[in-house]
Every structure is written in C-alpha cells, then in structure tokens.
Colleague: 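Submitted below is the structure of interest, expressed as structure tokens.
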Amino acid sequence: MPAELIGYVSMPLGVVTLAERAGASCFTEEGFHAVVDEVAEHLRRFDRVHCIGQEIRAGGVRLIGTSGTVTTLAGVALALPRYRRPLVDGRVLDIEVADQALGDLFALGRAGLAAHPCVGPERVDFVLPGCAVYAAIRKVWPVPTLTVADRGLREGMLLRMIRADRIAQRDGRAYLARRHGP
C-alpha cells in the first residue's frame, strides 16, 4: 500500500527562530527542556487532529529527518572524524543511538560543539535548538528508528513534480498525435 499524506503543519519553531528566542538558555538543562516542551505542545495539537501516535502504535509510521540536526546526530552517532554525506544519507539509526548522539552533543557545551567536526563554530547556536525539536518529536511520537536524509524533502518533491510534468507533456503529445496524426 503506498504511503499517504494525512496532514502537515508548518510551525513557527525553526532552529533559527528558537536559537534567537532561547539563546544561551538552550545550553542549560532547564532551557533545553523548556524548548522541548514548547515544541511538543505544538506537535500534540497536530497529533490530536491526525492521530499519528495511533498510527505509530499500529506500526504504520516511519520517521524521516532531513538535513541539519538529524545529519549532525548521524555524524556523531557514527563517530565521523568529519561530516561525510555518503556515510549519512539514507542511514537508518536505532532511536537509542540517535538519542545517545543528542546526549553527547548536549554534554559538549558551546566550546565542544564549536570544535566538533560535525558541527563547527558556524552552527554552534543552532544545534541544540534543533536537538530540542528532535527531542520533542521523540517525546510525542516514539518510533523505533530514524531515517536520515542529507538532501531535503523539497528537492525530492521538486524532482517528482518535474518528472510528473514531463510524463504529462509526453502523454499529451502522444494523445494529440493519435487524435490528429503526425
């Protein structure tokens, strides 16, 4: 049975927004958990409408994360000496492994994150807010694995639309050729 999109939500809780709002407090247990709780409440509202938790219990949900936080979690889980897309893209992590990577990142603190080869100084302010979003997802929707995609969903959706358009154009030309001759 093909996968079916049953709902979606865009929340005003991206890592940049959370980093700007939470700032340094995300580096403390209390601040980190406050962000987790805020995001989890938004997800619970979505879940009340779309019953994702019920689908998880029935075994019908796959958690796929794209770019940013999840690729960092995978790089840490794999103990990569530097980030490498081919080793991360498509990787399926047992959730306990991803959770341990989150714990490892949190334990590093600001200086450790800046020095980490899968994070670096340019991303240090965004990693823990992203981990808080991941932790909120895990809190609301406990799944056994996390599939990591280095390339974002937008790229896949664009490629699918381009292919569908090409097929429609080809089929349209074939229809016209059959109807009106060459």
Side-chain angles (χ1 to χ4, degrees), residues 5 7-29 31-43 46-47 52 61-160:
L5 176 66
Y8 63 91
V9 64
S10 179
M11 299 184 303
L13 300 170
V15 295
V16 173
T17 301
L18 291 172
E20 289 171 349
R21 237 184 31 225
S25 71
C26 232
F27 288 88
T28 68
E29 294 258 350
F32 182 82
H33 290 296
V35 173
V36 171
D37 291 342
E38 177 186 3
V39 174
E41 184 49 41
H42 281 266
L43 296 174
F46 180 83
D47 191 65
I52 304 302
V61 174
R62 176 185 224 176
L63 180 60
I64 302 173
T66 63
S67 306
T69 300
V70 295
T71 57
T72 301
L73 289 172
V76 170
L78 297 169
L80 297 179
R82 67 181 175 81
Y83 183 78
R84 299 209 29 229
R85 175 184 281 170
L87 299 177
V88 169
D89 192 33
R91 176 75 58 167
V92 177
L93 298 175
D94 286 334
I95 214 65
E96 295 82 14
V97 172
D99 290 351
Q100 179 61 51
L102 184 154
D104 293 347
L105 286 167
F106 187 82
L108 289 173
R110 180 178 286 284
L113 288 170
H116 196 284
C118 291
V119 178
E122 66 283 349
R123 294 183 54 232
V124 72
D125 291 322
F126 307 112
V127 170
L128 292 182
C131 285
V133 171
Y134 165 79
I137 292 167
R138 287 275 299 120
K139 186 176 189 175
V140 176
W141 297 312
V143 295
T145 61
L146 167 65
T147 301
V148 179
D150 182 83
R151 299 170 203 265
L153 290 176
R154 286 182 297 222
E155 290 89 346
M157 291 174 9
L158 286 172
L159 287 172
R160 181 177 287 169

Colleague: Give every residue pair that meets the salt bridge (charged side-chain N to carboxylate O under 4.0 Å, His left out) criterion with at least one member in residues 70-85, sequence neighbours excluded.
Modeller: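 Pairs touching residues 70-85 that pass the test: R85-D150.
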
Colleague: Taking all heavy atoms of L128 and all of F32, pick out the closest pair and write down the distance.
Modeller: O-CE1, 3.4 Å

Colleague: Could you pull out all residues at least two apart from V35 that satisfy side-chain contact (heavy atoms from CB on, under 4.5 Å)?
Modeller: L18, A22, C26, V39, A132

Colleague: Whether the side chain of T72 engages the backbone of G68 through a donor-acceptor N/O pair (distance < 3.5 Å, no angle test) should be reported.
Modeller: yes

Colleague: Do D37 and K139 make a side-chain contact, defined as non-hydrogen atoms from C-beta onward lying under 4.5 Å apart?
Modeller: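 Yes, close enough: below the 4.5 Å cut-off.
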
Colleague: What pair of heavy atoms forms the shortest contact from A77 to A101, and how long is it?
Modeller: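 Minimum heavy-atom separation between A77 and A101: N-CB, 3.9 Å.
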
Colleague: Taking all atoms of both residues into account, what is the closest heavy-atom pair of T28 and S25, and its distance?
Modeller: OG1-O, 2.7 Å

Colleague: Side-chain contact test, heavy atoms from C-beta onward, threshold under 4.5 Å: evaluate it for V16 versus P129 and give yes or no.
Modeller: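 No, every pair of side-chain atoms sits at 4.5 Å or beyond.
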
Colleague: Could you check whether any side-chain heavy atom of C118 comes within less than 4.5 Å of a side-chain heavy atom of L80, counting everything from C-beta outward?
Modeller: yes

Colleague: Does any non-hydrogen side-chain atom of V127 lie less than 4.5 Å from one of L105?
Modeller: yes

Colleague: Quick check: do V119 and Y83 have side-chain heavy atoms less than 4.5 Å from each other?
Modeller: no

Colleague: Sequence neighbours left out, what passes side-chain contact (heavy atoms from CB on, under 4.5 Å) with V148? Give chain and number order.
Modeller: V70, T71, A74, V88, L93, L146

Colleague: Atom CG of L13 and atom CD of E38: how far apart are they, to the nearest 0.5 Å?
Modeller: 5.0 Å

Colleague: Drop me the distance from H42's NE2 to D47's CG, to the nearest 0.5 angstrom.
Modeller: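 Answer rounded to 0.5 Å: 14.5 Å.
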
Colleague: Provide the full list of salt bridge (charged side-chain N to carboxylate O under 4.0 Å, His left out) pairs with a residue in residues 112-137, sequence neighbours left out, each pair given once.
Modeller: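 The answer is R110-D125.
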
Colleague: Let me confirm one number: the CG-NE2 distance from L108 to H116, rounded to the nearest 0.5 Å.
Modeller: 6.0 Å

Colleague: According to side-chain hydrogen bond (donor to acceptor under 3.5 Å, both in side chains), who are the partners of D94, at least two apart in sequence or on a separate chain?
Modeller: none

Colleague: For the residue pair A40 and A136, what are the closest heavy atoms and their distance?
Modeller: N-CB, 3.6 Å

Colleague: Sequence neighbours left out, what passes side-chain hydrogen bond (donor to acceptor under 3.5 Å, both in side chains) with E96? Give chain and number order.
Modeller: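 None.
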
Colleague: Kindly indicate whether the side chain of L113, heavy atoms from C-beta on, has any atom under 4.5 Å from the side chain of F27.
Modeller: yes

Colleague: Test side-chain contact (heavy atoms from CB on, under 4.5 Å) on I137 and L63 and set out the steps.
Modeller: CA-CA 9 Å; I137 292 167; L63 180 60; 4.0 Å; yes

Colleague: Answer whether the closest heavy-atom distance between the side chains of W141 and V61 falls below 4.5 Å.
Modeller: no

